[in-house]
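As structure tokens, the structure follows; a few thoughts come after it.
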Amino acid sequence: MKKYLLSFLVFWIFLAEKLNLEVFILGFVVSIIVFILNKDSFSFNLKKFDTEKIKNMLKYLTLLIKEIITANFLVAKVVLSPKMDISPEMIVYETKLKSDINKAILANSITLTPGTLTVTLKDNKLRVHCLKKEYIEDVIDSKFEKILLKMER
Amino acid sequence: MKLILISLFLLGGLFFFTVGTIGLIRFPDLFSRVHAAAKCDTLGAVLCLIALIIYNGLAFSSVKLLLVIVFIWITNPTATHLISNAYFSSMKDKEVS
């Protein structure tokens with residue numbers, strides 16, 4: 001607990017850009033409140049990090065940025081074309097991921113990829129809405145899930 | 001040089017905001033409207049913020065703007081998911097009754 005509180009306080013002072021008694025006391029109070037509100041979220045431990053995991057994370061981040069940019073151009077193209085050729089469809093997709101946080105990351109990434117949108121997430125079933133039928137294949141054989149599966153091991 | 005880069009990024013951001021708004025009006029149902037609103041606003045806002053980072057140069061405010069970008073990328077899909085989830089559950093309720 002002390003470790004988290006100290007890191008929050010350092011972060012607060014870093015954002016405040018100066019250090020005096022007022023900033024310190026306010027930061028301390030805010031850190032305690034943030035810690036109490038998010039007690040359940042600190043389940044992962046930092047000791048499990050190794051170079052392999054960091055490499056996978058960087059790979060994931062670059063893939064995500066690339067997908068976001070292509071997604072934006074694709075949606076822009078569909079919106080601006082004179083006759084919109086959309087064929088909305090809802091599919092149910094099962095993930096092999098185990099931990100909740102990884103499932104949430106996958107759901108958010110699917111929302112950010114071109115033409116797909118996560119509607120509900122229950123147990124290990126994702127309900128995905130696709131703007132066009134072509135995008136269904138991208139969801140079923142997802143690049144994100146492969147990297148996340150590697151990270152889970 | 002800096003001015004050209006800033007205006008390029010700002011114009012790009014504004015372009016994506018415009019596309020998102022047009023999509024919001026043109027698409028037929030809620031799910032496809034959410035597509036337009038969610039996708040275009042992420043890149044539009046991020047491009048505008050990158051322009052501001054270039055304008056600021058290396059300063060503390062640039063780091064804060066970078067944190068804002070991370071925040072947008074986490075919260076935007078979450079909000080989108082909530083909107084569509086609410087619509088989906090209300091649709092299911094209507095079918096049952």
Side-chain angles (χ1 to χ4, degrees), chain A residues 11-18 41 60-61 64-92 101 103-122 126-132 135 144, chain B residues 12-47 50 59-70 72-92:
Chain A
F11 188 61
W12 178 272
I13 291 164
F14 172 72
L15 287 183
E17 296 176 29
K18 58 181 184 285
S41 314
Y60 192 86
L61 204 67
L64 188 68
I65 291 169
K66 211 184 88 205
E67 290 284 294
I68 288 171
I69 292 167
T70 48
N72 276 278
F73 278 104
L74 248 150
V75 173
K77 214 175 86 191
V78 172
V79 169
L80 294 176
S81 61
K83 59 167 183 35
M84 292 177 300
D85 49 342
I86 54 170
S87 46
E89 188 134 335
M90 200 95 87
I91 59 158
V92 177
I101 182 127
K103 274 187 226 162
I105 292 171
L106 181 70
N108 271 4
S109 309
I110 283 175
T111 304
L112 286 171
T113 48
T116 50
L117 174 74
T118 316
V119 179
T120 58
L121 168 60
K122 213 171 202 181
L126 286 160
R127 198 180 292 275
V128 180
H129 181 266
C130 298
L131 198 59
K132 272 186 181 181
Y135 302 141
F144 292 120
Chain B
L14 286 179
F15 169 75
F16 280 112
F17 273 130
T18 321
V19 167
T21 315
I22 294 171
L24 204 62
I25 298 165
R26 277 191 80 191
F27 277 145
D29 65 333
L30 187 133
F31 284 128
S32 22
R33 281 185 174 164
V34 162
H35 270 291
K39 304 270 156 57
C40 294
D41 278 14
T42 29
L43 200 62
V46 167
L47 283 178
I50 287 173
F60 263 109
S61 30
S62 301
V63 180
K64 285 176 195 170
L65 286 170
L66 216 63
L67 283 174
V68 172
I69 291 180
V70 173
I72 286 177
W73 272 1
I74 296 170
T75 50
N76 192 309
T78 315
T80 311
H81 166 71
L82 275 179
I83 294 170
S84 52
N85 198 356
Y87 182 69
F88 183 74
S89 47
S90 79
M91 214 166 67
K92 235 170 35 187

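Because the structure is a prediction, the values reported are computed rather than measured. All chains are named by letter (A, B, ...) in the order of the sequence lines, taking the proteins before the strands, and each is independently numbered beginning at 1.
- Put simply, of A:Ala107, A:Ala76, A:Ser109, A:Ala104, the one with the most heavy-atom pairs under 4.5 Å next to chain B is A:Ala76.
- The shortest non-hydrogen separation linking B:Ser84 to A:Leu117 is CB-CD2, 4.4 Å.
- Residue contact with chain A, scored on non-hydrogen atoms closer than 4.5 Å, involves the side chain of B:Phe16 exclusively.
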Step-by-step side chain to side chain donor-acceptor pair (under 3.5 Å) determination, A:Asn108 to A:Thr111: CA-CA 5 Å; A:Asn108 271 4; A:Thr111 304; 5.1 Å; no
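- Here the closest heavy-atom approach between residue B:Phe27 and residue B:Arg33 is recorded as O-NE, 3.0 Å.
- Heavy atoms only, all atoms of each residue included: B:Leu24 and B:Ala37 are closest at CD1-CB, 3.8 Å.
- With a 4.5 angstrom heavy-atom cutoff, B:Tyr87 does not touch chain A via any of its atoms.
- We find the CZ-CG distance between B:Phe17 and B:Leu43 to be 9.5 Å, quoted to the nearest 0.5 Å.
- Proximity to chain A (any heavy atom under 4.5 Å) is restricted, for B:Val63, to the side chain, taken from C-beta onward.
- Of the two parts of B:Thr42, only the side chain, counted from C-beta on, holds a non-hydrogen atom closer than 4.5 Å to a non-hydrogen atom of chain A.
- Formation of a donor-acceptor pair under 3.5 Å by the A:Asn72 side chain with backbone atoms of A:Ile68 is found in this model.
- Looking at B:Leu67, only its side chain comes within 4.5 Å of chain A, counting heavy atoms on both sides.
- Residue with the most contacts toward chain A among B:Pro77, B:Gly20, B:Ala86: B:Pro77 (heavy-atom pairs, distance under 4.5 Å).
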